[in-house]
2 protein chains.
Amino acid sequence: MYTLSKNQQIIFDIIDKSPEPMKAYSILFNVQKKGIKAPLQVYRALDKLVEIGKIHKIESRNAFIACQNSSCQVSKATAFSICESCEKVTEINNSSLSKYLSNFKDKAGMKYSKYNLEFFGLCKKCTTK
Amino acid sequence: MYTLSKNQQIIFDIIDKSPEPMKAYSILFNVQKKGIKAPLQVYRALDKLVEIGKIHKIESRNAFIACQNSSCQVSKATAFSICESCEKVTEINNSSLSKYLSNFKDKAGMKYSKYNLEFFGLCKKCTTK
DNA sequence: AATTTAAATGTTATAATATAACACTATGTA
DNA sequence: TACATAGTGTTATATTATAACATTTAAATT
Ligand SMILES: [Zn+2]
Ligand SMILES: [Zn+2]
Ligand SMILES: [Zn+2]
Ligand SMILES: [Zn+2]
């Protein structure tokens with residue numbers, strides 16, 4: 001089990017507490033009181049946290065969310081649902097889906113080592129509005 | 001059938017001819033001889049081309065590729081394979097996959113209107129190197 | 001054909017996201 | 001201790017994307 005460094009811990013904590021995905025510069029703003037002053041300090045921590053699977057990047061939003069499973073086999077297989085109205089993002093944990101995608105092979109015979117899936121739609125709340 | 005405007009056509013053509021995904025500022029550089037001088041002219045055309053499904057954005061790469069199917073039901077269901085070594089990107093056209101994903105429902109009962117899937121790995125060429 | 005409306009264009013400026021380069025510090029381990 | 005590896009701090013800069021506004025073109029309606 002990996003021990004987070006000081007900056008990594010600070011930045012993980014703020015993402016983990018956030019109810020929604022956080023953007024890098026919003027993270028930066030929020031950790032300035034803790035002595036983290038430069039974008040690069042944030043991006044370096046983000047890179048590491050993504051690498052070890054503690055957080056995921058929501059690519060379509062350039063934002064980061066704490067892993068809601070158990071560090072997702074170190075981020076090799078991720079799936080999210082994204083509400084296009086309220087921007088709520090939920091990590092999908094569905095073994096049928098992950099099995100299907102992990103075993104998927106395309107015609108070109110390419111073997112995949114990783115995937116990222118983003119579903120878009122309206123969440124329950126936003127549907128009934 | 002939608003008729004492309006002048007800028008849309010210029011920008012679609014250059015993406016369509018490219019063997020690899022193109023980034024916005026690389027597109028800009030390449031169309032400056034045709035009178036398109038500003039980023040915004042490129043981004044506006046890209047937005048429209050994505051909207052009508054003529055091109056797709058590869059989110060993990062901030063790059064754009066011409067649709068290799070038939071405008072993908074106006075971009076509602078996209079899947080790509082990406083080689084992490086040579087960066088070759090191929091659009092996946094697999095009816096089993098698209099059926100599976102289009103019918104997927106999560107536990108929260110959210111109904112999805114769109115998805116984007118990116119697989120990562122090594123292409124055949126890069127595997128045998 | 002003239003009028004109205006919507007879509008697209010041109011332009012300048014600026015916002016938001018991300019990395020390069022370099023000096024230094026902490027931590028683990030031989 | 002000596003060495004290697006990972007993390008930090010800092011300044012500067014690169015890359016990606018949008019705001020705002022004036023104008024033009026194309027399409028639809030009268
Ligand atoms: Zn996860
Ligand atoms: Zn919602
Ligand atoms: Zn397509
Ligand atoms: Zn390759």
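FYI, side chains are in, hydrogens and waters are out, and symmetry mates aren't considered; it's all heavy atoms of this structure. All chains are named by letter (A, B, ...) in the order of the sequence lines, taking the proteins before the strands, and each is independently numbered beginning at 1. Note that the structure is a prediction, hence the values are computed from the model and not measured.
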Problem - Protein-nucleotide distance (A:Lys34, atom NZ; D:dG9, atom P), rounded to Å - result: 14 Å

Handout entry: Nearest-0.5 Å distance, CD1 of residue B:Ile58 to NZ of residue B:Lys23
Key = 11.5 Å

Exercise for the section: Using the test side-chain contact (heavy atoms from CB on, under 4.5 Å), find all partners of A:Ser96 that sit at least two apart in sequence or belong to another chain. Expected result: A:Asn94, B:Tyr100

Practice task
Could you tell me the separation between the CG atom of B:Asp47 and the C1' atom of D:dT18, rounded to a whole number of Å?
Solution key: 10 Å

Handout entry: Qualifying residues under side chain to side chain donor-acceptor pair (under 3.5 Å), relative to A:Glu20, sequence neighbours excluded
Key = none

Handout entry: Spacing of B:Leu46 atom CG relative to C:dA8 atom P, expressed in whole Å
Key = 14 Å

Handout entry: Side-chain H-bond candidate by donor/acceptor type, B:Asn93 with B:Gln68, under 3.5 Å
Key = no

Practice task
Check DNA chain D against residues 57-65 of chain B and give the residues with a non-hydrogen atom under 4.0 Å, in numerical order.
Solution key: B:Lys57, B:Asn62

Problem - Reading 5' to 3' through nucleotides 22-30 of chain C, protein heavy-atom contacts under 4.0 Å coded B for base, S for sugar-phosphate only, - for none - result: ---------

Problem - Whole angstrom value for the distance that separates P of D:dT25 from CD of B:Gln41 - result: 14 Å

Practice task
Using salt bridge (charged side-chain N to carboxylate O under 4.0 Å, His left out) as the criterion, list what pairs up with A:Lys114, not counting sequence neighbours.
Solution key: B:Glu84

Practice task
Classify the side chain of A:Tyr25 versus the base of C:dA15 as yes if they form a donor-acceptor pair under 3.5 Å and no if they do not.
Solution key: no

Exercise for the section: May I have the distance from B:Lys48 (atom NZ) to D:dA26 (atom C1'), rounded to whole angstrom? Expected result: 13 Å

Practice task
Would you indicate, yes or no, if C:dA18 has its OP1 or OP2 atom less than 4.0 angstrom from a side-chain nitrogen or oxygen of A:Tyr43?
Solution key: yes

Exercise for the section: Grab the CD1-C1' distance between A:Ile36 and D:dG7 for me, whole Å please. Expected result: 12 Å

Problem - Pairwise side-chain contact, A:Arg44 with A:Asn7, heavy-atom cut-off 4.5 Å (strictly under) - result: no

Handout entry: Partner set under ring-ring contact (aromatic ring centres under 6.0 Å, His included) for A:Phe12, not counting sequence neighbours
Key = none

Practice task
Tell me, yes or no, whether the heavy-atom count around A:Lys111 atom NZ, taken from other residues, nucleotides or ligands under 6.0 Å, exceeds 12.
Solution key: yes

Handout entry: Spacing of A:Ile10 atom CD1 and A:Ser5 atom OG [to the nearest 0.5 Å]
Key = 8.5 Å

Exercise for the section: Could you list the residues that satisfy ring-ring contact (aromatic ring centres under 6.0 Å, His included) with B:Tyr43, not counting sequence neighbours? Expected result: none

Exercise for the section: Could you tell me which residues satisfy side-chain contact (heavy atoms from CB on, under 4.5 Å) with B:Asp106, sequence neighbours excluded, listed by chain and number? Expected result: A:Ser81, B:Phe104, B:Ala108, B:Met110, B:Tyr112

Exercise for the section: Could you tell me whether the phosphate oxygens of C:dA8, OP1 or OP2, come under 4.0 Å of any side-chain nitrogen or oxygen in B:Tyr2? Expected result: yes

Exercise for the section: Provide, to the nearest angstrom, the distance between the NZ atom belonging to A:Lys37 and the P atom belonging to D:dA12. Expected result: 15 Å

Practice task
Give a yes or no on whether A:Tyr2 atom OH has more than 12 heavy-atom contacts from other residues, nucleotides or ligands under 6.0 Å away.
Solution key: yes

Exercise for the section: Specify the residues of residues 5-24 of chain B, ordered by number, for which at least one heavy atom lies under 4.0 angstrom from an atom of DNA chain C. Expected result: B:Ser5, B:Lys6, B:Asn7, B:Gln8

Handout entry: Value in whole Å for how far the C1' atom of D:dT15 lies from CZ of B:Phe29
Key = 16 Å

Fill in the blank from the handout: Residue set satisfying salt bridge (charged side-chain N to carboxylate O under 4.0 Å, His left out) with B:Glu87, at least two apart, ordered chain then number -> B:Arg61

Problem - Which residues share a ring-ring contact (aromatic ring centres under 6.0 Å, His included) with B:Phe120, sequence neighbours left out - result: none

Practice task
Return the angle between end axes of the helix from C:dA1-D:dT30 to C:dA30-D:dT1, with five pairs used per end and rounding to 10°.
Solution key: 50°

